[in-house]
Amino acid sequence: YQRRVRALGFHPMLVHRTGTRIAQQRRPSLHHLPFASLRTWSKIGHGCYRLSQNPLHEEVLTKSLKEVGVNLIDTSANYSDGESEALIGEVLQKLNWRSKVDLVSKFGYIQGQNLKRFQQQSEIDQPPETTRFLQDCYHSIHPTFMHDQLDRTLQRLHTDCLDVYLLHNPEYFLIYHVKKESDVQEFRQELLRRIENSFSALEELVQKGKIKTYGISSNSFSLPVDHLHFLPYEALLDIAQRASKKVGNDQHSFKVVQMPGNLLERDGLENCALWASKNDVRVLINRPLNAIHQGKLVTLADYSQVATYKETVNSTLDHFVERMQKAEGDGATEKACHLIQRHIVELDRQIHAFESIFHYEQALQKQIIPSLYQVGEKLFNEGEGTTRAQQIPVGRRDVMILQHFLDVFGMEVKGLASAKLKRELLSSKVLEDSSLPTEEQALEFLTKHPGVTSVLLGMTKPEYLSTASKLLKH
């Protein structure tokens with residue numbers, strides 16, 4: 001027995017014969033360890049919701065770190081089905097930059113590859129307490145799922161420790177179960193019980209050195225307190241204290257909350273964010289430029305209209321007029337070309353009806369593309385003959401021209417919608433300066449807010465870097 005004890009690195013006299021004290025002797029109290037602190041974060045963090053493994057995203061992330069001076073990266077296990085974390089890990093490894101940034105990641109969503117693994121497991125092996133929110137999206141914050149996700153996250157990020165690990169939108173449980181006021185108390189208490197169970201597991205991960213701190217990212221933090229799906233954030237400190245005490249830590253490591261916030265959605269900023277900052281809890285703001293305005297999603301940014309828009313409309317119409325003339329009595333082709341022209345004319349006529357680029361993209365996927373394909377199917381599948389300029393099937397050429405029109409149309413919608421929104425915001429005094437870009441004013445409002453630690457800007461294109469750089473220098 002004593003040889004086995006010595007092999008473990010302990011003096012036999014320090015260990016009870018029964019072995020019941022081994023774990024306590026091996027793990028010193030956190031009080032005697034240097035507390036794992038977070039660095040001072042740049043006021044703009046790199047939000048990686050849309051990041052995937054492509055060269056442009058790699059270039060932008062690299063410049064964000066090396067040139068702009070961002071030292072905070074926020075991602076999640078479900079962003080681009082794990083590709084976001086994988087790209088971050090690759091970039092940090094190439095740059096040898098891990099020691100210069102704080103990494104935030106999250107867990108909770110079961111979709112994509114996670115959902116495939118879930119469905120392949122036997123019922124007994126699946127994570128307990130799973131909310132089957134949608135057919136293609138489940139959710140769980142149970143420690144079993146947490147441990148699995150953290151191991152995958154650390155592997156993708158090429159690191160052995162996360163600076164911040166967040167429960168990702170635990171309110172999905174409330175959204176699924178709470179349908180009326182009388183449901184709130186029962187299911188809210190159950191959610192808080194589940195959060196405490198997760199916090200205990202997170203405190204153990206702090207002990208093991210796999211994470212430094214933890215917290216919650218929740219859209220519910222930005223809801224009014226009387227909303228059915230509001231998550232009572234003021235209860236979280238007591239929960240964290242109980243969790244830390246339960247596992248033997250002298251102080252809790254609940255240090256970060258994340259929520260949506262912007263010029264048009266301020267409930268979370270004026271309530272949860274101020275509460276958190278007063279209680280030594282850092283506040284991350286997501287969705288700073290995408291706001292829900294009058295029940296619709298809008299972008300708080302300026303976009304230019306397309307100088308060649310009318311030219312593109314006319315050239316697209318001319319193409320299908322020419323195709324119709326060359327049909328030589330082919331009634332089906334003539335009809336398809338005529339209907340496509342009508343669709344283009346109608347879209348042009350109604351361009352001001354699209355209130356935002358999100359409104360247009362929704363209509364594009366659900367109505368415009370299906371309708372165009374239905375009337376133009378014969379043309380698009382036509383493979384006989386090629387254009388003189390390029391060896392491209394005639395039907396493929398039609399698709400390319402129509403796609404170019406839709407791209408230009410979308411950019412024009414974006415320009416018109418952003419100009420209209422800016423006029424509204426200036427009129428209502430939400431914006432103060434017509435000469436400054438909307439996105440700069442929106443981000444500056446957040447970076448100066450007393451409750452905000454850092455604003456997560458989703459940067460996937462080089463033009464976003466100049467905005468972030470200007471704000472950080474200022």
Side-chain angles (χ1 to χ4, degrees), residues 45-54 57-58 61 72-92 102-121 125-159 162-176 191 194-195 198 201-202 205 210-211 214-222 229 231 256-260 284-287 290 297 456-460:
H46 200 120
C48 299
Y49 171 62
R50 296 184 183 276
L51 230 62
S52 60
Q53 289 177 291
N54 73 56
H57 293 177
E58 180 179 349
L61 179 59
L72 173 69
I73 300 176
D74 175 84
T75 184
S76 178
N78 68 309
Y79 289 174
S80 297
D81 202 15
E83 284 194 29
S84 175
E85 290 181 334
L87 179 69
I88 294 164
E90 290 169 8
V91 169
L92 294 179
D102 276 1
L103 284 177
V104 180
S105 195
K106 318 177 193 74
F107 80 97
Y109 285 89
I110 304 176
Q111 53 189 166
Q113 293 301 315
N114 274 336
L115 184 58
K116 287 181 181 178
R117 284 190 291 269
F118 181 94
Q119 293 170 337
Q120 291 168 358
Q121 292 174 320
D125 292 326
Q126 291 173 347
E129 300 178 353
T130 296
T131 301
R132 305 196 177 205
F133 189 73
L134 295 171
Q135 186 176 358
D136 60 350
C137 180
Y138 300 172
H139 195 274
S140 176
I141 60 168
H142 193 274
T144 301
F145 185 57
M146 176 200 303
H147 290 301
D148 170 80
Q149 292 297 282
L150 180 59
D151 287 343
R152 296 178 190 278
T153 287
L154 294 175
Q155 184 177 18
R156 287 190 289 259
L157 290 170
H158 300 298
T159 189
L162 270 183
D163 299 288
V164 184
Y165 201 34
L166 304 178
L167 309 187
H168 201 178
N169 291 334
E171 72 275 9
Y172 266 53
F173 176 77
L174 297 178
I175 296 171
Y176 184 79
L191 176 58
R194 294 185 180 193
I195 288 174
S198 298
L202 288 162
L205 290 173
K210 298 183 78 171
I211 65 172
Y214 63 88
I216 294 180
S217 173
S218 174
N219 296 328
S220 286
F221 291 152
S222 295
H229 304 141
L231 181 58
V256 180
V257 292
Q258 184 180 143
M259 71 196 79
L284 295 175
I285 295 297
N286 61 41
R287 204 157 50 73
N290 292 328
L297 194 60
L456 302 172
L457 182 60
M459 293 183 277
T460 55

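Both backbone and side-chain heavy atoms feed into the values below; hydrogens, waters and symmetry mates do not. Every value quoted in this text rests on a predicted model; they were computed, and no experiment measured them.
In this structure the side chain of Arg152 reaches within 4.5 angstrom of the side chain of Arg117, judged on heavy atoms. Leu154 has its side chain within reach of Thr159: a pair of non-hydrogen atoms, C-beta onward, lies under 4.5 Å apart. A 4.5 Å side-chain heavy-atom check between Ile211 and Leu202 finds at least one atom pair inside the cut-off. By the 4.5 Å heavy-atom criterion applied to side chains, Leu157 and Leu162 are counted as neighbours. Counting only heavy atoms from C-beta outward, the side chains of His57 and Leu61 never approach each other to under 4.5 Å. Thr130 places a side-chain heavy atom less than 4.5 Å from the side chain of Phe118. Under the 4.5 Å side-chain criterion, counting only non-hydrogen atoms from C-beta, Arg194 is not in contact with Pro170. Residues Lys210 and Asp151 meet the side-chain proximity criterion, which asks for heavy atoms closer than 4.5 Å.
Looking at Ser222, its side chain never comes within 3.5 Å of a backbone N or O of Met259 through a donor-acceptor pair. Between the side chain of Asn286 and the backbone N or O of Gly47 there is no donor-acceptor pair closer than 3.5 Å. Here the side chain of Gln258 pairs no donor or acceptor atom with the backbone of Leu284 at under 3.5 angstrom. Side chain of Lys106 to main chain of Thr75: a donor-acceptor pair is present (N/O by atom type, distance under 3.5 Å, no hydrogens or angles). Side chain of Ser140 to main chain of Phe145: no donor-acceptor pair is present (N/O by atom type, distance under 3.5 Å, no hydrogens or angles). With His46 contributing its side chain and Met459 its backbone, the two residues share a donor-acceptor pair below 3.5 Å.
How far CG of Leu72 is from CG of Asp163: 9.0 Å, rounded to the nearest 0.5 Å. Asn114 contributes atom CG, which lies 7.0 Å from atom CG of Asp148 (distance to the nearest 0.5 angstrom). Remark: His139 NE2 to Leu167 CG distance equals 8.5 Å, nearest 0.5 Å. The line from CD of Glu85 to CD of Glu90 is 12.0 Å long, rounded to the nearest 0.5 Å.
Considering every non-hydrogen atom in both Ile88 and Cys48, the closest pair reads CD1-SG, 3.7 Å. The nearest pair of heavy atoms linking His168 to Ser76 is ND1-OG, 3.1 Å.
Other residues, nucleotides and ligands contribute at most 12 non-hydrogen atoms within 6.0 Å of the CD atom of Gln135. Within a 6.0 Å sphere centred on CD of Gln155, heavy atoms belonging to other residues, nucleotides or ligands number 12 at most. Residue Arg50 places its CZ atom among 12 or fewer non-hydrogen atoms of other residues, nucleotides or ligands, all under 6.0 Å distant.
Looking at residues two or more places apart in sequence or on another chain, you find no side chain to side chain donor-acceptor pair (under 3.5 Å) involving Ser80. Listed by chain and residue number, Glu171 satisfy the side chain to side chain donor-acceptor pair (under 3.5 Å) test with Ser218 (two or more places apart in sequence, or in another chain).
Taking the six-membered ring where the residue is Trp, Tyr172 and Phe133 present tilted rings, their angle falling between 30° and 60°.
Side-chain rings of Tyr214 and Tyr165 stay apart, their centers remaining 6.0 Å or farther from each other.
A donor-acceptor contact closer than 3.5 angstrom links the side chains of Asn169 and Tyr109. Under the 3.5 Å distance criterion, with hydrogens and angles disregarded, a donor-acceptor pair is assigned to the side chains of His142 and Thr144.
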Margin query: Would Phe173 and Leu231 count as a side-chain contact (heavy atoms from CB on, under 4.5 Å) here? Give the steps.
Written below: CA-CA 11 Å; Phe173 176 77; Leu231 181 58; over 6 Å; no
